[in-house]
Every structure is written in structure tokens, then in C-alpha cells.
Student: 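The following block contains the structure, expressed as C-alpha cells.
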Number of protein chains: 2
Amino acid sequence: MSTTSIFVKNTGTKEKILKASTALFSELGYKGASVRKIAAQVGIRESALYNHFKNKEEIFLEVAKGIFSSPFSIDSSQIKELAERGKPFIQKFTMQYKMLTFDKNNEKMFRLLMIELLQNKELREQFMSEFHEKNIKVLSEGFFIMMQNSLIRSHDPMMLSYEFLSTLFYMRLQVTLLRFDSLSADSLSTQFEKHVDFFWESIKM
Amino acid sequence: MSTTSIFVKNTGTKEKILKASTALFSELGYKGASVRKIAAQVGIRESALYNHFKNKEEIFLEVAKGIFSSPFSIDSSQIKELAERGKPFIQKFTMQYKMLTFDKNNEKMFRLLMIELLQNKELREQFMSEFHEKNIKVLSEGFFIMMQNSLIRSHDPMMLSYEFLSTLFYMRLQVTLLRFDSLSADSLSTQFEKHVDFFWESIKM
DNA sequence: GTCTATAGAACGATAGAC
DNA sequence: GTCTATCGTTCTATAGAC
């Protein structure tokens, strides 16, 4: 069944290239994923790639856009609402973090991020702002509200956020490493909930 | 001034190669640190490298040996002694972890580890056993003793260790990233102590 | 938009003179 | 043990025919 769209153009080679590139970059890194390998996986010649992208760097940048494109779907009003109930706030946050951790596409992106983290300054800066500071900010807001409502003991919200987030990150890294070698990450799956329980017991009034 | 040793041999080129390789591998990764660049930094020709090492891989393996060669200087008897006093155990552990984090040579090794973590299966396995499981084991022993002595509340020692270690790792990663871009990691320096304090308050009886 | 053909550079590694 | 010279491979990228 072909679409009846007027814009038929061709077989969407550009999308194929991006998909193949994502897979290869996230397995072999920028240097390891050669233009040859990408073209071969798409099923075309190297030269044909250059009809769709200016150069290899441009392909990478297009792929890399996807790394930080999965923001948490917690807006300001929801933060307040959840944080006023205490534990549900960190439960919701953790559930979303866990979902990203085990999502196939996000897993690829996280792998790519970790591979290129020390090779690409821009990626490093985005990691700091999007992966770290952004999450610290959301969590801090929540903890601050909990303190105002006397749900948790008095602490520096940033410090609490750091403590809470670091374990989530470490679990995500471990899941990524295990699954990269096709090992089971089942035992880590329940650890997300254990983390929430332990942390909540540590801070609650 | 030349040494009077009978074994003069030469100018220790092998050591120079290893030093230059360490610097380059930990900045550019395995692929990025070419044999040419290594030779250039040492001040010899590529071909001369092969008088000291069979190939590039052999140089890398020699360098990589250093990654996991800084074991914690806490032996079994010391674990018991410190853990029976409670907080001093995690203080000592954290101080050693912090020392490694800020040590120039260990910083290079950690950088190399993170760069190649997803590209090198053997490194990944060593990371899991030497960086993760080994630390979890030492910490678990300590927490178990604390529980026996009713110094801390009852919990799964492994879970406690995981919670405690993950934050240390995250701080180390952040320090490494900041310093790689010549940024200050001063604000993170005090965070190690804050982590110990917060964690101890969370678990103590 | 795809192909063949090829350029030009960088790569790891070796042979052989000194 | 170091050098020069060179090999064969792989890389990104371009020119031009179809």
C-alpha cells in the first residue's frame, strides 16, 4: 500500500541513514562508525550519503540531537502537586528515570553519550546541563516544597537532590553496561524501588 | 650527572613511551592516540616504537594495567576495627576514594577507563569487578559489622553499599569531567564529607 | 539520487641501512 | 636502538556518468 501523498519523493533514505548511524555510533563511537560502515548498513555507496548530508560530522550532530530530547514530563504545577504529597514525587521521578533507562532507543542514546562524553566538549556541557543540573533543579524544587510542608527533615535541597540523583545515574550506567553485553539487568530493575524506599525513610519526618 | 650503574643500557625510552601513551590514550582514546602521535610526543620515529612493543595493542595493555592498580589500603582486620566504631569506617573509605579522585595519575586512568568503557569488553568486566563488586564487598563487610554491633539500623548490607558507593562514583565522574575542561571542582571537594554525614545520619541507630 | 572511480590523507606496521 | 623509506589498508570526500 503506497500513501496517496503528493510528496512521494523517494524511499526515505535520509531516515535510513540516521537509523543506521544511530546504531553504529552508539556501538562503535564516532571514529569507529566509518562512513563506509554506515553506507553499507543502509545498502548504498558512501558517495550517495553525501546527497543527504554535507559530511560525517553533520550526520553525527543530527543523531546527537536525540540524546537530550527526552525531557521529563513533569511540569511545574505537577511538581508542586506531587511534592505536597511527599513520597509520590520521588516515586514518579524515579519511575520516569527507570523508563528511560530501559527504553531501547534511549538506551542507544545514553550509550552514545557515555562513549563520546570525554571526546566531545559540547556533549560534556550538555550532559552537565541537561542530565545533571536540570534534574537537580526539578528535584530541589520538590524537596523544598516537602520541607515547607514539614514532610521531610530540614536539609539543603540541592544536597538531597544530588544524593538522590547519583544513585539513579549509577544504576542507569550499570544497566547500560550489562545490556551492552547482552547480560540480564533484572536484578537492577527492583533496585530503583528499593532506592526510593530507602531514601524516603532517610529523609521523612 | 650520569649514574654509575653498570646497567646503563639507554635513556629509558620504554618508560617515556608509556608515559606519553598514558597521556594520549587518556585524552584521545585508543583510536585517537595514533602510533604517530605517540612517537612524536616521545621524540622518536614510529618504527622505533616497535623495538619496545610488539604493536599498539601491547602498549595499550601495558598502560591499561595501571587502571585497576590502586586498591584501597583497607585490609580485613582494618575493616573490622573501623567498622566497630561506625562512622570512621565510611569516613576512611570516602577519604581514600576522594584521594584517588583528585590524584593526577589516577585521574588519567579513570578518564581512560571511562573513554574505553563501552569500546572494550575486558575493561567493562574489570570495571564491574574491580570498581563495583570489590568496593561493594568491602562496604558490605563494614555495614554488616555495624549491624551486629547495633550501630546502624537493620538493612541489606549490599543495598546500603550500593547507595553509598553510587554517590561517590557520580562525584568522581563529575570531578573528572570538570577538570578535563580545566574547570574548578572545588565545590565538589566538600561534597564528599557532606555525603558521609548525610548517609551516616540516615543509617545510624 | 545512485553509481564507479579516484583523490589525498592518516593509519599500523615492516625492511634494511647505520 | 634509531633512522629513512615504503607498503598495504582504511579513511573522508569529490567528480562525473547514468
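Numbered from 1 within each chain, the chains take letters A, B, ... in sequence-line order.
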Student: Rounding to an integer number of Å, can you tell me how far B:F53 CZ sits from D:dG1 P?
Tutor: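 Those two atoms, CZ and P, are 12 Å apart.
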Student: Thinking salt bridges, do B:K104 and B:E107 make one under a 4.0 Å N-O criterion?
Tutor: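 Judged by the 4.0 Å cut-off on N to carboxylate O distance, B:K104 and B:E107 do not form a salt bridge.
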Student: Which letter, B, S or -, goes with each nucleotide of nucleotides 4-18 of chain C from 5' to 3', with contact meaning a protein heavy atom under 4.0 Å?
Tutor: B------BBBBB---
Student: Do A:E15 and A:K19 meet the salt-bridge criterion of a basic N to acidic O distance under 4.0 Å?
Tutor: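 No.
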Student: Please walk me through it: do A:F131 and A:F169 pass ring pair (Phe, Tyr, Trp, His ring centres under 6.0 Å)?
Tutor: CA-CA 9 Å; A:F131 257 73; A:F169 177 84; 7.1 Å; no
Student: Is there any side-chain hydrogen bond (donor to acceptor under 3.5 Å, both in side chains) pair reaching into residues 88-97 of chain A, and which pairs are they, with sequence neighbours excluded?
Tutor: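 Qualifying pairs: A:S73-A:Q96.
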Student: Does NZ or CZ of A:R172 come closer than 6.0 Å to the centre of the six-membered ring of A:F110, within 45° of the ring's axis?
Tutor: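 Yes, A:R172 lies over the aromatic ring of A:F110.
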